[in-house]
Structure formats: C-alpha cells, structure tokens
Amino acid sequence: MSAPDSFETSPAPRISDLARARPADYLDGLNPEQRAAVEATEGPVLVLAGAGTGKTRVLTTRLAHILATGRAKPWELLAVTFTNKAAREMRERIAHIIGPQAEGLRWLGTFHSIAAQILRRHAELVGLKSNYTILDTDDQERLIKQVLEAENVDAKRWPAKHLAGLIDQWKNRGWTPDRLPAGEGAGFANNRGQALYRIYQDRLRVLNACDFGDLLLHNLTLFQGHPDVLAEYHERFRYLLVDEYQDTNVAQYLWLRLLAQKRQNVCCVGDDDQSIYGWRGAEVDNILRFERDFPGAKVIRLERNYRSTSHILGAASGLIAANKGRLGKTLWTEAPGGEKVIVRGVWDGEAESRLVADEIERAVRGSADAPKRRYKDIAILVRASFQMRAFEERFVLLQIPHKVIGGPRFFERAEIRDAHAYLRLIQSEDDDLAFERIVNTPKRGIGDTTVQKLLQIARLNGVPVVAAAREVVRTDELAARTRTALSNFLRDLDRWRAQAGALPHPRLMEQVLEESGYTDALRLEKSPTAQTRLENLKELVQSMGAFETLEAYLEHVSLVLDLERESGDDSVQIMTLHQAKGLEFPLVFLPGWEEGVFPSQRSIDETGEKGLEEERRLAYVGITRAREEARISFAANRQVYGRWTSQLPSRFVDELPLAHVEASSETGYYGGGPGMQQHGSRWDESPSFGAGYSSPGWKRAQERSYRGSHPGRQQVIEGEGRLVAVSEPSSSAYRRGDRVFHMKFGYGAVTAVDGNKLTVAFDKAGEKKVIDSFVEKA
DNA sequence: CGTGCTCACCTTTTT
DNA sequence: GGTGAGCACG
C-alpha cells in the first residue's frame with residue numbers, strides 16, 4: 001500500500017563531509033552537563049534546559065554527534081519542533097557543524113509537516129487520497145458552518161467558532177468521534193456535539209481534506225490500526241529528538257510514544273518553567289511524567305545560564321519559585337550582578353509609554369555609565385496585543401524606529417487566500433470550499449442565494465459543487481443574468497485549467513488574477529490597503545517561482561512556507577510575551593504589570609490556579625529574555641476598551657525578590673498613595689476614573705487631540721522657547737502594514753502658551769501654528 | 001443583490 | 001473605543 005521509498009535516495013554522506021565533523025570541534029566548549037546531554041545517545045533522555053542554558057546548541061550538537069559517529073544516517077533521524085522557524089534554525093545550525101550532509105535530514109520538521117508526509121504515504125488507510133488538501137482555520141470554520149446549517153443548528157446560539165474550538169481540543173487530545181468520552185459533546189447544541197463532530201469528519205473525507213488537527217489524529221489512527229506501518233517507522237527512525245517538549249499536547253505525545261516505543265532512543269528537551277501554551281492544549285504533565293513513561297530514563301539538567309546577569313536571573317528565579325508542581329531547577333550564572341531589575345509605577349498608560357520611549361532614547365544616546373544601545377537591542381514585551389498600540393503611537397511621534405511583530409501573516413491575508421482558492425479550484429474541481437470562496441470574488445453577480453442553492457443541489461446529488469453548477473447552467477433554474485455570470489465563470493475556469501499544464505505557474509497566477517477581474521477590482525478601490533494588497537499579490541507571484549510545480553507550491557504553502565520578513569534593520573521590537581519565547585535582548589521592557597492585565601483576569605477566571613501559574617511562567621519567560629537590563633512597569637490608571645480604570649500592581653511585582661529589584665513610583669501609589677480606591681480586580685467592575693474624563697468636554701478634547709497627549713494631563717510647558725513634537729490629523733498618511741496613521745509630525749519651538757494651547761514656530765517655512773496636541777521633546 | 005446601520009465582541013497562537 | 005458580523009432596507 002505504501003508509496004515507493006523514494007525518500008531513501010538522500011545523498012550519501014561524503015568522506016569530506018564526515019571529515020569536517022571532527023568530534024574535537026563540535027564538542028569543544030560544552031559544559032559537563034551539555035556534553036552529557038549530547039553523548040547520552042542510547043535510551044530515553046529528558047533534558048531539562050532552563051532559560052539561556054544553551055538548549056539549541058545541545059540539540060544541534062547531539063544530532064551532529066549521532067551522525068558524525070555513524071550511529072545513523074541523516075534520514076534515520078526524526079527531529080521535531082513546533083514551528084517552522086525552529087526547524088529552519090536547527091537545520092542551519094546542524095549544517096554549520098556537519099556541512100551539506102544536513103540536507104539529508106529528511107525528517108527534521110514540525111510535528112505537522114512530518115505527520116503530513118507520513119499521511120501522504122498512507123492516506124488510503126484512513127480513507128483519504130494521497131493528494132488531500134490541508135485546510136486552514138478559515139476553511140475549517142466555514143465547513144463547520146455548513147455542517148451546522150445542514151443540520152439545522154441555530155448558528156446564533158451555537159456559533160461555528162465554538163464548535164471549531166471544541167473539535168480542536170478534542171483532536172489535541174487524540175479523540176476521534178468514536179472515542180470521544182461520554183459527555184464531552186454535551187455542552188453543544190443539546191448534546192449533539194459528538195454527532196456534529198462525526199458529520200464534520202465525514203465531510204472532510206468527502207472533500208479529501210484534513211484540518212491541522214487531523215494530520216496528527218490520522219497518524220494515530222494509522223499507527224494504531226496498522227502495526228505493520230508502525231513497524232516500518234520503528235525500523236526507519238533510529239533516533240528521535242523533540243524540542244520544546246513542555247509544549248506538546250496529548251496527541252503529539254501519543255504520536256511520539258508510539259514511534260519511540262520500540263527503540264526507546266528518544267530525547268526530549270524542554271523546560272517546565274517555560275510552558276506557556278496550556279490554553280492550546282499543551283500538557284506540562286507530559287514533561288512531568290516522562291520518567292514514568294520511559295522507565296530508566298536519564299534526566300539531565302542544564303542549569304548554568306549564559307544569558308543574563310545574576311540580578312535578572314535572581315529576580316526571575318525568585319518569581320517562578322512561587323509556582324507549585326515544578327520539576328525544579330536551580331539556575332546559576334558566573335555573570336556579574338549588573339543592574340537590578342527596575343520596577344516602576346506610573347500614573348497611566350500614556351505616562352508609561354512616555355517613560356519607555358524616553359528611556360529608549362536615553363539608552364540609544366548612551367552615557368558615561370551606560371552602554372550605548374542599538375534600537376534592535378531593545379524589546380517591549382506585552383501580555384496582549386492591545387497594549388502595543390500606545391507604544392507604537394508614541395514611537396511614531398518621537399520617530400523611534402520600531403517594529404510590531406505579529407499581525408496577520410502573509411499567507412493568511414484575504415487576497416492571498418483568494419488567489420490560492422483560484423489555484424486550488426484549477427487544480428481540483430472537488431474543492432468546494434475554494435469554489436465558495438471565490439465564485440463571487442470579485443463580484444460577478446453570483447450572490448449568496450445562488451451559492452446556497454448550488455451547494456444544496458451538490459449535496460443532494462453527492463457531487464462536487466462545480467459539477468452541480470455545470471448541470472444547473474444548462475437548466476433554467478437560475479435567473480438569466482445569474483446563469484450567464486455563472487457559465488462565464490465556469491468557462492474561465494476551464495480555460496485556466498487548460499492553460500495550467502502549458503504555462504509556468506507564476507504566469508498562470510498572473511493571468512488568473514487579471515482575467516478574473518481580481519486585480520482590476522482592487523485597482524478600482526484606490527484605498528491604501530488595496531494598494532498593499534496588490535503588492536502582496538505581486539509578492540505572491542514572485543514567491544511561486546521557487547517551486548517546480550503548482551502542486552509543490554500549494555503543499556508548501558499550507559504547512560511550511562512563511563515569508564521571512566526582513567529582520568535585519570535597527571529597530572525596537574514590540575511583541576507579545578508569547579512571541580518572545582526563544583529570543584533574547586540586552587534591554588527588555590515589561591510594561592502593564594497590573595492585576596487583571598498581567599496576570600490576565602480571564603486566564604484566572606477560566607483556569608484558576610493553573611492559569612495563574614501559566615501567567616507566572618509567562619512573566620518568567622519575559623524577565624529571562626533580558627541579558628543586561630529588565631524594566632518592569634505598571635500604571636495606576638489605564639484605559640481598557642475605552643474606559644478609564646484604576647489598576648492595582650500585579651501580584652508578580654510583589655513576588656520579585658527584593659534583593660534583585662529596585663522599585664520606585666511616580667504616582668505615590670505603589671504601597672498605597674493618593675488617587676486609589678480599593679475595588680475588585682476586574683477592570684470592568686472598576687469605578688470609572690475621575691468624572692472629568694467621561695464628560696463630553698473631555699471626549700471632544702480627546703478627539704481633537706488625536707493620538708496626542710491628554711489635554712488634562714500634559715506636561716506643563718513652563719515657558720516659551722521649549723521644543724515640542726507636534727502631531728495632528730493630516731492628509732498625508734503614514735502607513736505601517738495594513739494600518740494607516742493619519743499623522744504628521746515635526747518639531748517646533750513654543751512661542752506662546754495659553755492653557756493647553758501652544759503657538760509653535762517651525763524653522764523651515766517660518767510657519768506658525770496654534771496646536772492643542774503636543775509632546776514635549778527633551 | 002448591495003449598502004448602511006446596530007450590536008456584541010474584546011488574551012495569548014502554531015500548524 | 002474600535003471593529004466585524006449580521007440584519008434591515010432600498
């Protein structure tokens with residue numbers, strides 16, 4: 001049943017390659033624990049690698065060691081990571097040690113990409129064809145919506161998103177519809193959860209499609225139902241290696257255990273203190289019970305930290321000590337104390353961003369007793385993305401180069417997904433989801449009712465919707481205009497399909513985008529976002545060129561490809577704590593340490609003590625990102641969802657060991673000062689801040705001051721001649737990604753002061769202006 | 001069928 | 001406070 005073993009043809013190692021991998025080279029400079037972790041190749045090994053202890057180095061050296069000592073060929077190693085980025089990095093670093101032999105590491109990749117490869121070879125055994133499509137979350141949700149509609153489930157009371165979430169969780173735990181524990185689906189649509197899950201799985205099979213969770217789930221079904229197939233992989237994979245083991249979910253864990261069960265040569269590397277993905281199914285328990293699952297396992301602790309100063313390490317260690325249920329590590333360093341971790345209370349969110357921005361400017365300028373920083377040495381790590389905005393705006397104002405990490409990624413953007421849907425439909429007429437997505441994009445007069453009708457006919461006859469459409473256009477079931485539109489669309493589709501073989505696929509893509517009217521529709525829009533989208537499509541066409549065939553491209557897109565954003569430039573990075581995992585910076589800002597914000601109230605509400613501990617690990621991850629300086633801040637007042645709220649400092653602030661921390665407050669509030677009222681920690685229960693702030697006058701002033709300072713809270717401009725930065729709404733838009741800031745800024749000197757109104761003179765044109773929105777420039 | 005309005009939503013994210 | 005989804009209306 002299996003496909004031919006074409007993958008055994010990886011290049012054999014050449015003598016010159018092996019010669020490069022002299023043990024003396026790659027083992028040099030490892031400390032005793034690291035070396036032990038590299039050399040313990042046989043039997044189960046758990047490497048507990050604390051933050052900054054050289055984990056990646058150990059991982060890559062271990063693989064290189066196994067190869068260099070001839071224990072296995074590159075294609076006999078299974079090495080799994082969570083992200084493509086991690087996989088790429090590992091491959092590069094191994095290549096650095098052992099040279100081109102690393103090309104043969106055929107089974108180094110993410111859980112999903114490896115599972116997808118295995119599934120391609122045995123798809124028939126689980127009721128799929130080997131050319132199955134991989135659906136992303138968007139497609140998945142739309143399919144579930146269809147199922148709900150077909151089953152007459154009230155989509156208002158029982159949103160598709162909710163069921164999608166449930167199914168995801170179930171799949172994360174390795175539960176097929178048959179194996180769903182009783183009562184699991186009870187909460188959804190009057191006990192119909194399980195039935196709907198089953199129907200959804202059937203639909204996927206009909207569409208010859210998988211969602212992300214299925215990739216692993218089908219692997220489990222495959223291995224459990226076909227011992228011969230499993231045995232084949234036992235034979236193949238001589239050594240297993242898993243990165244970020246603390247983040248594995250149950251399905252991944254079961255998958256690993258099945259694969260490792262025969263040879264037991266499995267090495268898992270992780271840190272229970274850095275487990276921050278519990279909310280998406282990660283089970284810290286997997287790491288806690290490793291020794292039970294693999295009797296005789298060797299546990300190696302990497303505890304020497306090479307990254308941070310001892311004050312930073314001390315602060316982080318003290319904080320994480322408050323968690324129960326740890327495996328326990330004692331990190332140490334020979335690095336000097338450095339600066340203590342600075343904790344500061346400020347008046348409000350705006351003061352916080354001002355403080356951070358000022359300190360960044362100072363750090364970049366450097367001083368006698370402080371090193372001169374580059375912008376890229378600095379990161380701002382927030383709990384949630386809504387906190388990013390304040391910093392972004394401040395940085396725009398002060399012209400501090402910065403980069404917001406995250407946001408919709410290239411291949412998740414609507415226009416890219418539309419383009420892919422065209423390709424998918426050209427490639428396979430069975431792709432109903434692709435049809436649905438683009439049949440009326442751009443608008444060609446085939447509305448929702450028509451599409452629904454087609455879907456219904458298709459379902460009744462058990463045929464793909466394109467086939468149904470072909471039939472329908474021959475009848476007079478549709479209004480004449482709709483029918484013409486539909487048959488034109490089908491005609492276009494046929495033409496593109498005919499060209500698909502003859503044309504290089506980037507050319508095909510261009511042609512489809514032109515002839516479908518997609519680019520024309522965008523050009524007509526004239527908005528800056530439409531411009532961006534056109535550029536994205538150009539980028540797409542370019543990226544396609546790197547692939548031999550359309551099939552290869554589409555396969556890659558769904559699992560592996562993410563366009564590397566240029567990262568080399570010198571700018572401050574703004575990102576979430578989750579995104580910061582695995583990174584490090586000389587100077588790290590950790591704003592928003594307020595009860596309810598961080599730790600997140602929702603996390604505590606939903607998962608209680610467990611959630612709180614995960615939040616604490618997040619705090620630990622945050623602090624340990626810093627090499628030299630960490631600066632924590634919290635605000636006494638903060639706008640959350642447009643409402644002013646009073647805040648209490650995070651409990652994490654109090655858990656920091658005093659010996660490693662220096663605390664101060666501008667508000668007199670830290671420790672209980674003026675302006676505070678005791679109240680519940682939930683921000684939406686908080687009394688609104690002073691009355692003046694909710695008055696219409698305030699609101700108007702705020703609108704007028706557009707992204708500028710608080711009128712009531714601005715720094716006092718003492719006199720004339722001060723230099724200020726000015727912002728105001730303007731027609732010249734400043735664009736960052738998809739977001740547009742209507743903002744113009746510049747520096748001017750104050751010539752007159754009247755309350756909050758300043759008259760400012762600008763050097764260049766001799767221009768004078770009265771403004772009510774400004775920031776003082778130091 | 002397309003547009004404008006109201007209303008609920010509002011952590012973290014990879015594949 | 002901002003936004004996207006869903007509904008009523010033209």
Side-chain angles (χ1 to χ4, degrees), chain A residues 80-87 109-116 134-141 145 155-156 159-161 165 168 171-172 210-217 244 247-249 251-252 275-282 381-389 405-409 411-412 414 440 443-451 479 481-482 485 556-562 575-582 592 596-607 611 614-615 617-619 621-622 639-645 683-684 694 699 702-703 706-707 738-739:
Chain A
V80 232
T81 62
F82 275 84
T83 63
N84 291 308
K85 193 175 156 212
T110 63
F111 275 100
H112 289 87
S113 72
I114 289 169
I134 298 166
L135 303 185
D136 61 22
T137 34
D138 209 80
D139 288 328
Q140 182 193 13
E141 220 171 274
K145 205 176 237 166
K156 280 252 192 47
K161 239 193 176 83
D168 245 18
K171 288 183 175 174
N172 282 342
C210 271
D211 62 23
F212 287 123
D214 276 340
L215 295 172
L216 277 151
L217 199 63
E244 305 279 12
D247 289 335
T248 49
N249 62 36
Q252 288 157 340
S275 163
I276 55 174
Y277 286 107
W279 49 273
R280 66 173 203 215
L381 310 182
V382 296
R383 173 68 240 273
S385 44
F386 73 81
Q387 297 169 270
M388 293 178 173
R389 184 102 144 240
I405 312 292
R409 281 164 316 159
F411 288 98
E412 282 163 10
N440 202 29
K443 308 245 182 298
R444 40 173 83 89
I446 304 168
D448 216 30
T449 23
T450 313
V451 175
R481 209 162 41 162
T482 322
H556 230 65
V557 155
S558 47
L559 276 179
V560 184
L561 207 68
D562 56 308
M575 66 183 97
T576 65
L577 288 158
H578 285 90
Q579 289 166 331
K581 192 160 138 191
V597 175
F598 186 37
S600 145
Q601 188 58 45
R602 190 153 163 189
S603 178
I604 296 172
D605 287 348
E606 283 171 11
T607 37
E614 183 155 311
E615 297 284 310
R617 290 194 289 270
L618 212 38
V621 167
Q639 251 183 326
V640 183
Y641 300 140
R643 236 160 265 173
W644 278 99
T645 59
W683 58 54
D684 50 4
S694 49
K699 197 156 179 183
Q702 195 189 33
E703 274 159 17
Y706 197 76
R707 298 184 198 281
D738 281 348
R739 288 165 71 174

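These numbers come from the heavy atoms of this one structure, side chains and all, not from hydrogens, waters or symmetry mates. Chain letters run A, B, ... following the sequence lines, proteins first and then strands; every chain starts at 1.
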Query raised in the report: Between B/dT13 atom P and A/Ile405 atom CD1, what is the distance in whole Å?
Result: 12 Å

Query raised in the report: For A/Ser603, which contact category applies under a 4.0 Å heavy-atom criterion: base, sugar-phosphate, or nothing?
Result: base

Query raised in the report: Closest to the A/Arg280 side chain: B/dT14, B/dT15, B/dT12?
Result: B/dT14

Requested in this report: Over 60° means perpendicular and under 30° means parallel, so classify the ring planes of A/His578 and A/Tyr277, tilted if in between.
Outcome: tilted

Query raised in the report: How many angstroms lie between atom CD of A/Gln140 and atom CZ of A/Phe212, to the nearest 0.5 angstrom?
Result: 9.0 Å

Query raised in the report: Any idea which heavy atoms bring A/Ala580 and A/Met575 closest together, and the distance?
Result: CA-SD, 3.7 Å

Query raised in the report: Base, sugar-phosphate alone, or nothing: which one does A/Ile446 contact when heavy atoms must sit under 4.0 Å apart?
Result: sugar-phosphate

Query raised in the report: Nearest to the side chain of A/Arg389, which nucleotide is it out of B/dT12, B/dT13, C/dG2?
Result: C/dG2

Query raised in the report: If you look at every strand shown and take non-hydrogen atoms under 4.0 Å, does A/Gly213 touch a base, only sugar-phosphate, or nothing?
Result: nothing

**Report entry** Sugar-phosphate, base or nothing in reach of A/Thr110, heavy atoms under 4.0 Å
**Finding:** sugar-phosphate

Report summary line: Value for OG (A/Ser385) from CD (A/Gln579), rounded to nearest 0.5 Å, stands at 8.0 Å

Report summary line: One should read off an interatomic distance between A/Cys210 SG and A/His112 NE2, to the nearest 0.5 angstrom, of 10.5 Å

Query raised in the report: Separation of A/Asn172 atom CG from B/dT15 atom P, in whole Å?
Result: 14 Å

Query - OP1 or OP2 of B/dT13 under 4.0 Å from side-chain N/O of A/Ser385 - result: no

**Report entry** DNA chain B: 5'-proximal contact among A/Glu615 and A/Gly445 (nearest heavy atom)
**Finding:** A/Gly445

Report summary line: Rounding to 0.5 Å, atoms CD (A/Glu606) and CH2 (A/Trp279) come to a distance of 12.0 Å

Query raised in the report: Stacking between A/Trp279 and the base of B/dT12 (centre distance under 5.5 Å, interplanar angle under 30°)?
Result: yes

Give me, pair by pair, the N or O atoms of the protein and of nucleotides 4-8 of chain C that are less than 3.5 Å apart, along with how far apart they are.
from, atom 1, to, atom 2, distance (Å)
C/dC7, OP1, A/Lys156, NZ, 2.7

Query - Length of the CD1-P vector between A/Ile114 and B/dT14, whole Å - result: 19 Å

Query - side-chain N/O A/Asn84 vs B/dT15 OP1/OP2, d < 4.0 Å - result: yes

Query raised in the report: Among C/dG2, B/dT12, B/dG2, which is the nearest nucleotide to the side chain of A/Ala384?
Result: B/dT12

Requested in this report: Quickly work out the A/Phe111 CZ to B/dT15 P distance and round it to whole Å.
Outcome: 13 Å

Report summary line: Between A/Thr449 and A/Glu614, the residue closer to the 5' end of DNA chain B by nearest nucleotide is A/Thr449

Query raised in the report: To the nearest angstrom, how far is A/Phe598 atom CZ from B/dT12 atom P?
Result: 13 Å

Requested in this report: State, with a plain yes or no, whether a side-chain heavy atom of A/Leu618 is found less than 4.5 Å away from one of A/Phe598.
Outcome: yes

Strictly under 3.5 Å: I want the nitrogen or oxygen pairs between protein and nucleotides 7-10 of chain B, one per line.
none

Query raised in the report: Under 4.0 Å: is that the gap between some side-chain N or O of A/Gln639 and OP1 or OP2 of C/dG1?
Result: no

Query raised in the report: Base, sugar-phosphate, or nothing for A/Thr482, non-hydrogen atoms under 4.0 angstrom?
Result: nothing

Query raised in the report: Across the strands shown, which category fits A/Thr137 at heavy-atom distances under 4.0 angstrom: base, sugar-phosphate, nothing?
Result: base

Query - Value in whole Å for how far the P atom of B/dT15 lies from NZ of A/Lys171 - result: 18 Å

Query raised in the report: NA contact type, A/Glu244, heavy-atom cut-off 4.0 Å: base, sugar-phosphate, or nothing?
Result: nothing

Query raised in the report: What's the closest nucleotide to the A/Thr450 side chain, out of B/dC1, B/dT13, B/dT15?
Result: B/dC1

Query raised in the report: Under the criterion side-chain hydrogen bond (donor to acceptor under 3.5 Å, both in side chains), which of A/Arg280, A/Gln252, A/Lys581 is the partner of A/Asp247?
Result: A/Lys581

Query raised in the report: What distance do A/Thr576 atom OG1 and A/Ile276 atom CD1 have between them, rounded to the nearest 0.5 Å?
Result: 8.0 Å

Query - Gap between atom CZ of A/Arg481 and atom CD1 of A/Ile446 - 0.5 Å precision - result: 12.0 Å

Requested in this report: For A/Thr83, check side-chain contact (heavy atoms from CB on, under 4.5 Å) against everything at least two apart and list the hits.
Outcome: A/Lys85, A/Ala86

Report summary line: From the candidates B/dT15, B/dT12, B/dG2, the one with an atom nearest any side-chain atom of A/Asn440 is B/dG2

**Report entry** Atom-to-atom span, NZ of A/Lys443 to C1' of B/dC1 - whole angstrom
**Finding:** 10 Å

Query raised in the report: Atom CZ of A/Phe82 to atom C1' of B/dT12: distance rounded to whole Å?
Result: 16 Å

